[in-house]
Structure formats: structure tokens, C-alpha cells
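First the proteins, then the strands, lettered A, B, ... as listed; each starts at 1. Here the structure is a predicted model, which is why all the values come from computation and not from measurement.
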There are 2 protein chains.
Amino acid sequence: MSRSRDAVHEILRQSAAFRSAQDIFTEMRADGSKIGLTTIYRALQALNDDGRVDVLRTDDGEAVYRACATSAHHHHLVCRGCGLTVEVDGPDVEVWAERVGAEHGFTAITHTVEVFGTCGACAKG
Amino acid sequence: MSRSRDAVHEILRQSAAFRSAQDIFTEMRADGSKIGLTTIYRALQALNDDGRVDVLRTDDGEAVYRACATSAHHHHLVCRGCGLTVEVDGPDVEVWAERVGAEHGFTAITHTVEVFGTCGACAKG
DNA sequence: CAGAAAATGAAAATGATTGTCAAAACGGTT
DNA sequence: AACCGTTTTGACAATCATTTTCATTTTCTG
């Protein structure tokens, strides 16, 4: 898995937004690629396993992917309008999650945090 | 929509965990109910519209529901093992989310925060 | 270049969720 | 209780994202 995986990765690198598999498929086909949807799913899965892309679920359950600049733990600030995404970190939130978990006797704490909003550009147009 | 909606609501009230539609369906049928899966989906949707149940997506995209004690904004601490869920709040997180959004020129900030862990009971075995 | 192993794409299978529609339950009215 | 219009219900079909299957193509290695 190399040719296609790199192509998919490249598409994601060129986008600041989270993209769905279908979305990527449509763009690549429009660009003349003969890639199949199956291959895109496989590539996204592999890239995610390698920690090279982040994945999250939209409200309607669709998986969307994004190439992250860092493989370190981070969160996302996502524009509801255009999907523009900024990577952010929140040390306070990490601490809070650990504390809340511990207070209730939970161990092996993890958490998901996503912030949504309307970006400056979308607020105008 | 009343008979069935109440029955579904009651099932959720009796459970501290997030439950899937299929899951609820199986339990109700086991209890002798003749309810259909379609009706359960409709009931869950209505209950969610009324703010009487919370919904979130599992990692594999399945929607799971839970009756929440409060209709006020809150977060969840969920056990990965048994699904046991505790409602928690995090004033600091709310503030952090607003600030992070504002720093990047985003408005109309919302956020999703879920904390996962292993509860005391599941940690034993 | 041969031949094995990995990758690819088309099409079928899966699984959750939603739409359709006729039958059943309900409510109010005589 | 019988009547009638409205709402709710459940079986089944349809949809949509994702996964699996499998034969073909490409890549790698010797």
C-alpha cells in the first residue's frame, strides 16, 4: 500500500478541513485518477493506524479525516461552515479530564474534545 | 407518539449506560414487547428533540442514547468496559473552549467533550 | 524476465438508519 | 357501543457509508 496511500495523504495535506472518503474520492476522480473507493478507505485506515491522519465522526456518523501537523495529542477547532480546522491544545483540559476520571474511580483515562464554531471568513460571506 | 416513546424512555431511565437502538430493541422484545425497531428509532429521535435523552457516537459510528438527569449542558465520563456513565460538568473546559475559539476568530462556539476510562468495577474483573 | 507477494478496483455483502404504507390504536362524538 | 378522522405503529423495502470478496494488475526480489 504505497502509491495510493501517498496520493490520499497528499490530498489531505492540501486541505485544512476534515474530509470524508467520498469527498476525497470525488476530488481524485475529478483530477483524472482511476482510484477506487475501496482503496481510499484502505489508505485512510492505514494512514490512521500510522498516526498520520486524525479521524472524527460528524453528527450524522460519517467518518472524516485530516492530516495533522503533529502526531502529539491535540484537539481541533472546526468551522461549521467551511470545515476549516485549527489544531489546538489544552493542557488545562487534559488535567481536568484526569481529575474528573480519578474522582469517580476511573482509570486509563482518555478523552475526545472538539470545539466547533464559525470562522471569521464564514461569519462574513 | 406516546405509548412507545414512554416505554423507550423508561428503559433508558433504568440504565446508567449509553444504549444503542438495537440494544434497546433486543431488551424490549426479550421483555415480551411487540415493538418494532422503526418505532424505537422514532421514539429516540423524538426524545432527543425534546432534550430528554443525550446522544453520542461510538468510535464505529453507532448512535447511542442515554436519559440524562439534567437538561442543562454537561459532559460524560463513560466506562469503556460496561458503559457505566457519570454526568460531569467542567466550567474550566467551557471557558477554555470559548477562549480558544475567540483566539482564532471563531464565533458561535460549541464543543463536545467526552471522557472515557475504566470504572472501578471493571478494573477488578 | 519469472514468480511470489502486495496492492488495486469492481461489485457484492453488511449493518445502521430512514422512508413507505397499510393496518391498528386512539379520541372524541353521537 | 358504533362511527370517523387522526395519530401511531410495525413489517418491509430503500439508502448510505463502510467492509469484504475475489480476480486482476502492479510491485518487488531474485
Side-chain angles (χ1 to χ4, degrees), chain A residues 1-12 15 17-67 78 80 83 85 112 114, chain B residues 1-12 15 17-67 78 80 83 85 112 114:
Chain A
M1 190 177 293
S2 193
R3 177 82 18 75
S4 302
R5 190 198 57 189
D6 291 342
V8 170
H9 196 194
E10 188 53 29
I11 292 283
L12 288 177
S15 172
F18 275 89
R19 313 282 301 270
S20 72
Q22 287 284 352
D23 191 8
I24 295 167
F25 176 67
T26 303
E27 175 172 339
M28 293 182 77
R29 281 297 180 107
D31 288 351
S33 169
K34 300 270 185 284
I35 198 169
L37 191 50
T38 308
T39 304
I40 292 182
Y41 276 105
R42 277 190 287 238
L44 290 171
Q45 204 168 296
L47 288 166
N48 184 241
D49 289 347
D50 290 354
R52 283 211 266 271
V53 305
D54 284 353
V55 59
L56 60 83
R57 296 269 170 185
T58 63
D59 283 345
D60 58 316
E62 190 179 28
V64 286
Y65 304 82
R66 180 173 187 275
V78 184
R80 267 186 300 269
T85 299
T112 65
E114 312 294 342
Chain B
M1 190 178 293
S2 194
R3 178 85 15 78
S4 302
R5 190 198 56 190
D6 291 342
V8 169
H9 196 194
E10 189 53 29
I11 293 282
L12 288 178
S15 172
F18 276 88
R19 313 281 302 272
S20 71
Q22 287 283 352
D23 191 9
I24 295 167
F25 176 67
T26 302
E27 175 171 340
M28 293 182 77
R29 280 297 180 108
D31 287 351
S33 169
K34 299 270 186 282
I35 198 167
L37 191 49
T38 308
T39 304
I40 291 184
Y41 276 106
R42 277 190 287 237
L44 289 171
Q45 202 168 299
L47 288 166
N48 184 241
D49 288 346
D50 290 354
R52 283 209 265 268
V53 305
D54 285 353
V55 58
L56 60 83
R57 295 270 169 185
T58 63
D59 282 346
D60 58 317
E62 191 179 29
V64 286
Y65 304 82
R66 180 174 188 276
V78 184
R80 266 186 300 268
T85 299
T112 65
E114 311 294 343

Looking at every heavy atom in both A:Val64 and A:Phe18, which two are closest together, and how far apart are they?
O-CD2, 3.6 Å
Examine D:dG10: is either OP1 or OP2 under 4.0 Å from a nitrogen or oxygen in the side chain of B:Thr38? Give yes or no.
no
Per B:Ala21 side chain, nearest of listed nucleotides C:dT17, D:dT9, D:dT19:
C:dT17
Starting at atom CZ of B:Arg5, determine the distance to atom P of D:dG10, rounded to an integer number of angstrom.
15 Å
Figure out the NZ/P separation between A:Lys34 and D:dT25, and round it to whole Å.
15 Å
Within the modelled atom types, does a donor on one side and an acceptor on the other bring the side chain of B:Arg42 and the base of C:dG19 under 3.5 Å apart?
no
Roughly, in whole Å, what's the span from CG in A:Leu37 to P in D:dT18?
9 Å
Whole Å only: how far is the CD atom of B:Glu62 from the C1' atom of D:dC16?
16 Å
Ignoring hydrogens and angles, tell me if any N or O in the side chain of A:Arg66 forms a donor-acceptor pair with the backbone of A:Thr85 under 3.5 Å.
yes
Between C:dT8, D:dG10, C:dG9, spot the one nearest the side chain of A:Ile35, thanks.
C:dG9
Can you sort out the partners of A:Glu27 under salt bridge (Lys or Arg N to Asp or Glu O under 4.0 Å), two or more places apart, ordered by chain and number?
A:Arg19
Protein N or O to nucleotides 23-27 of chain C N or O, pairs below 3.5 Å:
| residue | atom | partner | partner atom | Å |
| --- | --- | --- | --- | --- |
| C:dC26 | OP1 | B:Arg3 | NH1 | 2.2 |
| C:dC26 | OP1 | B:Arg3 | NH2 | 2.9 |

Atom OH of A:Tyr41 and atom P of C:dT8 are separated, to the nearest Å, by 17 Å
Okay, side chain of B:Arg29, backbone of B:Ile35: is any donor-acceptor separation there less than 3.5 Å?
yes
Determine, stepwise, if the pair B:Leu44 / B:Leu12 fulfils side chain to side chain contact (heavy atoms under 4.5 Å, CB included).
CA-CA 10 Å; B:Leu44 289 171; B:Leu12 288 178; 3.9 Å; yes
Let me know the distance between CD of A:Gln22 and P of C:dG9, rounded to the nearest Å.
15 Å
If you look at every heavy atom in B:Leu37 and B:Ala21, which pair is closest and at what distance?
CD1-O, 4.1 Å
For the CG atom on A:Asp59, are there more than 12 heavy atoms of other groups (residues, nucleotides or ligands in this structure) within a distance under 6.0 Å?
no
Provide, to the nearest angstrom, the distance between the CG atom belonging to A:Leu44 and the C1' atom belonging to C:dG9.
16 Å
Whole-Å gap separating P (C:dT18) and CG (A:Asp59)
13 Å
